[in-house]
Amino acid sequence: MDRSVFARATALAGAALALALAPAVAHAQFPTYPKDKWLGSISEFTRPLFTQYFNQVTPENGGKWGVAAGTTRTAPMRWGQLDTAYNFAQANGFKFNFHVLLWGNQQPTWMATLPPEEQLAEIKKWYAAVAERYPRIEWLQVVNEPTWDPPDGSVPKNAGANFASSGNYVQALGGAGETGYDWILNAFRLAKQYFPNTKLMLNDVAITGQTASTDEYLKIINILKAENLIDVVGLQAHAFEFIPDNPNVPSIPGHPYDPHASMAVHKANLDKLAATGVPIQITELDLDGFAVNGVPGDEMQLAHYRRVVPTFWEHPSVEGITLWGWRQPNHWRNAQGAPIVLSNDTPKPAALWLNHYIRGIAPVIRPDQAFTVADGNANRVGTVQADDWASQINRPNLRTFTWRITGGNEAGIFAIAPGTGELTVAKPELLDELTTYPLKVRVSDGFHESAEVAVTITTADLANVVDQPVGGTVPATLALSVGAAQPFEPFTPGVDKEYTTSATATVTSTAGDAALSVSEATMANGAFRLARPVTVTPAKTAWTGPVSNDTFPIAFKQSIGRTDPLRTGTYSANVTFTLSTTTP
């Protein structure tokens with residue numbers, strides 16, 4: 001059967017249509033270990049877990065001048081600790097970060113009272129000895145804690161009993177000088193001479209928690225950057241930078257600091273440092289694990305790791321993170337619970353979380369979970385189960401799960417508790433008995449989200465479900481309308497030209513298919529007709545199913561040749577559009 005409807009329109013008007021396309025939004029990929037960033041540590045290299053958790057090596061104390069130097073100016077060097085760390089890194093293909101050439105602590109005690117010219121000579125000997133013995137240093141920490149603990153015997157921290165171990169050689173390197181930091185500048189100039197192919201690094205403590213400290217650090221960075229002397233900015237990130245009221249916090253006379261728990265402060269200052277364009281490393285991260293208000297220490301430590309680490313790990317300017325110790329009891333903050341692995345090689349929750357976090361490992365929803373809804377269950381369906389690192393130690397209370405239904409629930413019949421994964425019937429009035437509902441769910445741990453997994457819910461013969469049929473009809477509809485349009489612009493005799501305009505049509509059809517056809521028409525001015533017909537081109541001419549108020553443009557074109565006769569007056573024509581169907 002053919003049913004059709006037609007509409008007439010005079011070819012009169014034109015219209016313009018503009019289309020704006022929004023740009024696609026690109027989401028940064030999470031930086032995973034070991035592909036995008038590295039994780040390193042400083043000690044216990046021979047423990048099996050070291051190579052499982054870390055792929056970068058920094059010597060904790062072995063590279064400090066006072067440890068490596070002889071006990072007297074003429075005594076032989078003591079390279080043992082440094083050799084162990086360096087050789088381990090080379091044997092395992094790990095990058096080696098040398099800590100540290102110059103610092104205001106753990107320096108040779110015989111340096112402090114030497115004349116400046118002799119101090120400078122010893123500094124050069126120290127540089128040369130390191131360069132010769134360790135040719136494959138990836139990063140070299142040239143100066144450590146320049147704003148907090150410079151090798152200057154006149155600062156409050158290095159007075160009295162601390163004087164000898166301070167080194168007291170700032171003046172040998174030029175003192176404050178014109179820049180205010182000439183001694184640092186000269187230390188790096190020397191390093192560039194002795195280590196021409198090594199990335200040079202500045203390292204300091206308690207920087208990002210204080211804007212004033214960050215600003216001072218930036219001054220030094222920019223002085224070094226001006227001579228292309230600095231390749232990496234180091235930030236220590238010790239626990240007392242993030243945890244106020246921390247027990248047993250090192251004190252620095254004359255240079256107090258105010259720790260900030262809010263990572264927003266650290267992030268803002270980290271961004272300021274990143275704006276220099278110099279890559280950043282987190283060099284000495286440790287986060288304590290002491291109990292607070294009845295919360296066990298390992299749970300507090302886990303909370304600190306979750307709060308602090310992502311700000312640094314996910315920052316695009318941060319190359320990697322070095323933990324300043326990792327295993328009991330050989331950790332400088334062992335008394336504060338800072339190790340993440342116990343002395344029996346059992347990982348603490350912070351270690352398990354960190355390992356999964358940096359590797360991008362998401363929780364895994366158990367497959368083939370199915371639930372049945374029967375009478376008397378008070379609309380409770382069941383709880384979806386997933387596994388993560390906390391499952392390995394049977395401590396599900398440490399999870400930070402958030403559940404969501406991602407498919408199969410278009411009518412909103414079911415709900416899932418975000419914190420527990422419990423499924424319930426949210427709209428029992430829509431629930432059908434003896435029916436299977438295939439839902440899809442995901443769970444996030446706050447950092448990584450699981451794959452989508454199917455969960456099946458089946459309903460039994462429900463006493464409280466009564467089927468009541470309802471119905472309705474749709475009358476056959478085949479409707480076409482064509483909107484009014486403006487005339488063509490005036491025709492010009494003696495010129496080859498195509499004149500265009502357009503109109504808008506709207507189609508509504510309840511049929512299984514529909515087709516639009518257009519009759520040919522020639523415009524006339526009284527008895528006088530144009531030489532060529534109007535060309536009519538609808539943007540759509542066919543539909544394969546029902547549509548409602550489908551609007552589209554229709555283009556009209558009139559060609560006038562330079563020899564075509566034209567008579568003064570108005571031309572017009574009726575164009576017939578026919579909408580028809582073969583499957584009503």
Side-chain angles (χ1 to χ4, degrees), residues 37 39 144-150 156-157 202-222 232-276 278-293 295 297-325 331-333 335-338 340 349-350 353-354 357-358 400 446-447:
K37 299 192 179 186
L39 184 72
N144 188 47
E145 299 183 8
T147 68
W148 291 91
D149 197 0
K157 183 181 189 302
L202 184 70
N203 194 44
D204 214 334
V205 64
I207 296 296
T208 57
Q210 300 182 132
T211 300
S213 297
T214 300
D215 291 343
E216 183 181 8
Y217 204 33
L218 281 168
K219 290 180 183 178
I220 303 172
I221 293 167
N222 287 323
V232 180
V233 171
L235 301 171
Q236 291 190 16
H238 288 294
F240 44 81
E241 300 182 40
F242 312 97
I243 309 173
D245 303 319
N246 216 22
N248 193 20
V249 173
S251 62
I252 303 178
H255 206 155
Y257 55 88
D258 179 23
H260 280 277
S262 169
M263 292 309 296
V265 174
H266 295 275
K267 173 65 165 58
N269 288 320
L270 182 63
D271 288 342
K272 292 174 67 174
L273 294 168
T276 65
V278 182
I280 297 170
Q281 292 183 17
I282 308 306
T283 57
E284 302 183 21
L285 176 71
D286 52 57
L287 295 169
D288 293 345
F290 50 87
V292 177
N293 296 329
V295 179
D298 62 357
E299 294 186 21
M300 288 300 305
Q301 184 185 44
L302 172 63
H304 296 319
Y305 265 84
R306 281 173 166 153
R307 175 172 56 86
V308 172
V309 170
T311 296
F312 296 116
W313 184 263
E314 297 179 35
H315 198 285
S317 293
V318 173
E319 297 181 321
I321 295 175
T322 298
L323 299 193
W324 206 244
H331 195 295
W332 81 298
R333 292 186 68 77
Q336 289 76 40
I340 60 172
W353 173 84
L354 179 64
Y357 167 75
I358 65 173
T400 52
F447 304 98

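A quick note: this is a predicted structure, and the numbers were derived from the prediction, not measured.
With a 4.5 Å cut-off on side-chain heavy atoms, Pro259 and Ile243 do not count as touching. You'll find the side chain of Ile207 reaches within 4.5 Å of the side chain of Thr147, heavy atoms only. By the 4.5 Å heavy-atom criterion applied to side chains, Lys272 and Thr211 are counted as neighbours. A 4.5 Å side-chain heavy-atom check between His260 and Asn269 finds every atom pair outside the cut-off. Using a 4.5 Å heavy-atom threshold, the side chains of Ile358 and Lys37 count as separate. The shortest distance between side-chain heavy atoms of Gln210 and Tyr217 does not fall below 4.5 Å. Residues Leu323 and Leu354 form a side-chain contact, since some pair of their non-hydrogen atoms from C-beta on lies under 4.5 Å apart. At a threshold of 4.5 Å between non-hydrogen side-chain atoms, the residues Phe240 and Val205 count as touching.
Residues Tyr357 and Glu314 bring a donor and an acceptor atom of their side chains to less than 3.5 Å of each other. Using a 3.5 Å distance cut-off with no hydrogens or angles, the side chains of Gln336 and Asp286 do not pair a donor with an acceptor. Donor-acceptor pairing under 3.5 Å is recorded for the side chains of Gln236 and Glu145.
Rounded to the nearest 0.5 Å, atoms NZ (Lys267) and CZ (Phe312) are 11.0 Å apart. To the nearest 0.5 Å, atoms NE2 (His266) and OG1 (Thr311) are separated by 8.5 Å. Distance CD/Gln301 to CG/Asp288: 8.0 Å, rounded to 0.5 Å. Thr322 OG1 to Leu39 CG: the interatomic distance, rounded to the nearest 0.5 Å, is 7.5 Å.
We find that Lys219 and Asp215 are not joined by a salt bridge, their nearest charged nitrogen and carboxylate oxygen being 4.0 Å or further apart.
Leu287 approaches Leu285 most closely through the heavy-atom pair CG-CD1, 4.2 Å. Closest heavy-atom contact between Ala350 and Leu302: CA-CD1, 4.1 Å. Closest approach of Thr283 and Trp324 over heavy atoms only: O-CE3, 3.6 Å. Taking every heavy atom of both residues into account, Ala237 and Glu241 meet most closely at N-OE2, 3.1 Å. The shortest non-hydrogen separation linking Pro146 to Asn203 is CD-O, 3.2 Å. Between Leu270 and Thr208, the shortest heavy-atom distance links the atoms N-CG2, 4.3 Å.
In this structure, Arg307 contributes its side chain and Ala261 its backbone to a donor-acceptor pair below 3.5 Å.
Ring-plane geometry between Phe290 and His304 is classed as tilted, the angle between the planes lying from 30 to 60 degrees on a 0 to 90 degree scale.
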Inset, instruction - Decide side-chain contact (heavy atoms from CB on, under 4.5 Å) for Glu284 and Trp332; before the verdict, give the C-alpha distance in whole Å, the side-chain angles of both, and the deciding distance to 0.1 Å. - result: CA-CA 11 Å; Glu284 302 183 21; Trp332 81 298; over 6 Å; no
Inset, instruction - Evaluate the criterion side-chain contact (heavy atoms from CB on, under 4.5 Å) for residue pair Leu235 and Leu273; output intermediate values, then yes/no. - result: CA-CA 10 Å; Leu235 301 171; Leu273 294 168; 3.7 Å; yes
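Trp353 and Phe447 have their aromatic ring centers within a separation under 6.0 angstrom.
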